[in-house]
Amino acid sequence: MIRYAKPRAIDEALRLLGEDRWRILAGGTDFYPALGNRPLRENVLDINGLDGLRGISETAEHFVIGARTTWTELLRQPLPPAFDALKLAAREVGSVQIQNVGTVAGNLCNASPAADGVPALLILDAEVELRSRDGIRHVGLPDFILGNRRTALKDGELMTSIRIGKQSATGRSAFVKLGARRYLVISIAMAAARIVSAPDGTITGAAVAVGACSAVAQRLGLLEQELLGRTAASAPGIVEGGHLVPLAPIDDVRGSADYRRQAARAIVKRALATAAAEPLEGVAA
């Protein structure tokens with residue numbers, strides 16, 4: 001490590017980011033494992049002193065998740081049923097100890113194809129807020145995560161929050177993760193679904209995303225369109241292989257591409273069935 005800084009104000013952090021190249025340290029749950037046996041040879045900007053980036057707030061138009069908000073804090077926050085998928089994903093992030101310090105924003109910036117939070121945020125049409133000394137820009141999540149470990153974050157920028165528009169925070173949602181065991185496992189495949197229904201049960205809005213089956217988690221646009229106008233109860237039955245065309249699974253030690261594609265179809269059906277059912281119990285904490 002060449003330099004270490006722990007700013008106490010966002011303006012100070014942005015000034016430092018504008019002067020040099022830094023590796024940002026938040027929860028640290030991915031930071032240290034990524035080093036492996038290599039020595040740390042980068043400047044480290046520790047943002048754990050930026051208390052203003054912690055917590056979940058609400059404006060007239062958005063729910064705002066601060067960049068330093070942990071998964072445990074998210075779980076404890078009272079949020080609409082549309083966030084149930086994100087809370088279920090939060091429970092799948094490592095162990096409870098990791099959830100206590102790992103941050104939602106860090107999960108996005110790490111940009112792993114198997115990042116648990118990404119599908120659940122995709123179905124909420126989330127966008128990220130990026131700040132630098134030059135100003136603020138808001139980037140939709142599909143335009144922020146560009147590939148395996150690649151994001152649109154520019155030199156001098158800091159992710160300060162994740163925003164979910166209230167028009168997308170409607171309906172009910174669910175998240176399903178497939179792994180080799182129940183906890184502390186990297187996903188083989190995962191799916192998130194959000195359904196908005198009319199009083200008669202007709203679907204008026206749908207969002208479905210699959211992760212760990214492509215370099216970047218993908219929304220299933222064709223399936224979303226075909227769900228409109230159907231009854232919520234019939235939603236799982238329409239899922240076909242053709243709806244998974246946007247996916248590009250790979251063969252690795254956790255599963256073959258063919259297995260992932262078959263698994264994705266099954267867990268998408270399960271996520272839709274859960275989202276179409278009664279509100280989930282016990283998700284809040």
Side-chain angles (χ1 to χ4, degrees), residues 10 13-14 17-18 21-24 26 30 47 53 56 59 61-69 74 82-83 85-86 89 93 103-171 173 175 187 189-194 205-225 243-250 264 268:
I10 293 178
L14 297 182
L17 284 169
R21 294 177 65 91
W22 299 83
R23 187 168 180 181
I24 296 173
D30 287 311
I47 65 170
L53 299 186
I56 300 175
T59 69
E61 297 180 350
H62 295 92
F63 290 94
V64 182
I65 303 171
R68 285 193 55 227
T69 303
L74 177 86
F83 285 84
L86 186 58
V93 179
T103 64
V104 183
N107 195 244
L108 302 185
C109 290
N110 192 46
S112 165
D116 292 315
V118 177
L121 285 166
L122 280 175
I123 64 168
L124 290 168
D125 298 316
E127 63 179 19
V128 298
E129 179 179 274
L130 308 176
R131 292 195 192 184
S132 69
R133 291 195 300 183
D134 297 327
I136 300 174
R137 65 187 183 116
H138 296 103
V139 181
L141 192 54
D143 295 320
F144 177 72
I145 301 179
L146 304 178
N148 185 4
R149 312 290 180 176
R150 295 192 301 114
T151 73
L153 193 69
K154 297 178 181 178
D155 289 342
E157 283 187 326
L158 175 69
M159 184 188 293
T160 50
S161 68
I162 301 155
R163 307 197 312 174
I164 292 95
K166 289 188 174 178
Q167 73 278 6
S168 298
T170 57
S173 68
F175 174 84
S187 298
M190 53 186 160
R194 179 172 61 90
V208 184
V210 175
C213 289
S214 304
V216 179
Q218 297 289 319
R219 286 273 295 264
L220 303 183
L222 178 60
L223 175 59
E224 293 172 359
Q225 288 297 315
H243 294 129
L244 307 181
V245 169
L247 306 182
I250 62 170
V268 164

Problem set entry | Audit row: Trp22, Leu17, side chain to side chain contact (heavy atoms under 4.5 Å, CB included) steps and yes/no | CA-CA 7 Å; Trp22 299 83; Leu17 284 169; 4.0 Å; yes
For this session: Could you go through the side chain to side chain contact (heavy atoms under 4.5 Å, CB included) check for Val216 and Gln218 one step at a time?
Result: CA-CA 6 Å; Val216 179; Gln218 297 289 319; 4.1 Å; yes
Exercise. So Asp125 and Arg219, salt bridge (charged side-chain N to carboxylate O under 4.0 Å, His left out) or not? Walk me through it.
Worked result: CA-CA 10 Å; Asp125 298 316; Arg219 286 273 295 264; 2.9 Å; yes
Exercise. Looking at CG of Asp134 and CG of Leu14, how far apart are the two atoms once the value is rounded to the nearest 0.5 Å?
Worked result: 10.0 Å
Seminar exercise, completed: Paired with Ile162, the side-chain contact (heavy atoms from CB on, under 4.5 Å) test is passed by just one of Ile65, Thr69, Leu141, namely Ile65
For this session: Please report the closest heavy-atom contact between Gly211 and Ala217, naming both atoms and the distance.
Result: CA-CB, 3.9 Å
For this session: Using a 4.5 Å cut-off on heavy atoms from C-beta on, say whether the side chain of Leu220 contacts that of Val268.
Result: yes
Exercise. Near Arg133 CZ, under 6.0 Å, is it more than 12 heavy atoms from other residues, nucleotides or ligands?
Worked result: yes
For this session: Calculate, to the nearest 0.5 Å, the distance between atoms CZ and CG belonging to Arg131 and Leu158 respectively.
Result: 8.5 Å
Problem set entry | Rounded distance (nearest 0.5 Å) linking atom OG1 of Thr103 with atom CD1 of Ile47 | 6.5 Å
Exercise. Are any non-hydrogen side-chain atoms of Leu244 and Leu247 less than 4.5 angstrom apart?
Worked result: yes
Exercise. For the residue pair Pro246 and Ser214, what are the closest heavy atoms and their distance?
Worked result: O-OG, 4.0 Å
Problem set entry | Pairwise distance OG(Ser161) to CG(Leu130) - rounded to 0.5 angstrom | 8.5 Å
Exercise. If you measure from CD1 on Ile56 to CZ on Phe63, what distance do you get to the nearest 0.5 Å?
Worked result: 9.5 Å
Problem set entry | Glu224 and Arg194, any side-chain heavy atoms less than 4.5 Å apart | no
Exercise. Taking atom CD1 of Ile164 and atom CG of Leu121, what is their separation to the nearest 0.5 Å?
Worked result: 5.5 Å
Seminar exercise, completed: Here the pair of heavy atoms bringing Met159 nearest to Leu153 is N-CD1, 4.2 Å
Seminar exercise, completed: Here the pair of heavy atoms bringing Phe144 nearest to Cys109 is CZ-SG, 4.2 Å
For this session: Answer yes or no: is there an ion pair linking Glu127 with Arg163, defined by an N-O contact shorter than 4.0 Å?
Result: yes
Problem set entry | Heavy-atom closest pair, residues Ala105 and Ala67 | CB-O, 3.3 Å
Exercise. Between Thr160 and Glu129, does any side-chain donor sit less than 3.5 Å from a side-chain acceptor?
Worked result: yes
For this session: Would you name the heavy atoms of Ala85 and Ala192 that are closest together and state the gap between them?
Result: CB-CB, 4.4 Å
Exercise. Does the side chain of His138 come within less than 4.5 Å of Val128's, by heavy atoms?
Worked result: no
Exercise. Taking atom types as modelled and ignoring hydrogens, do the side chains of Asp116 and Ser187 form a donor-acceptor contact shorter than 3.5 angstrom?
Worked result: yes
Problem set entry | From CA spacing to verdict: side chain to side chain contact (heavy atoms under 4.5 Å, CB included), Val208, Ile123 | CA-CA 6 Å; Val208 184; Ile123 64 168; 5.5 Å; no
Exercise. Hey, does Arg137 have a side-chain heavy atom less than 4.5 Å from the side chain of Glu157?
Worked result: yes
Exercise. Would a 4.5 Å heavy-atom cut-off, applied to side chains only, mark Leu124 and Phe83 as touching?
Worked result: yes
Exercise. Does the side chain of Val139 come within less than 4.5 Å of Thr151's, by heavy atoms?
Worked result: no
Exercise. Would you say Lys154 and Ser132 make side-chain contact, with heavy atoms under 4.5 Å?
Worked result: no
Exercise. Do Asn107 side-chain atoms and Gly117 backbone N/O form a donor-acceptor pair below 3.5 Å?
Worked result: yes
Problem set entry | Over 12 foreign heavy atoms within 6.0 Å of NZ, Lys166 | yes
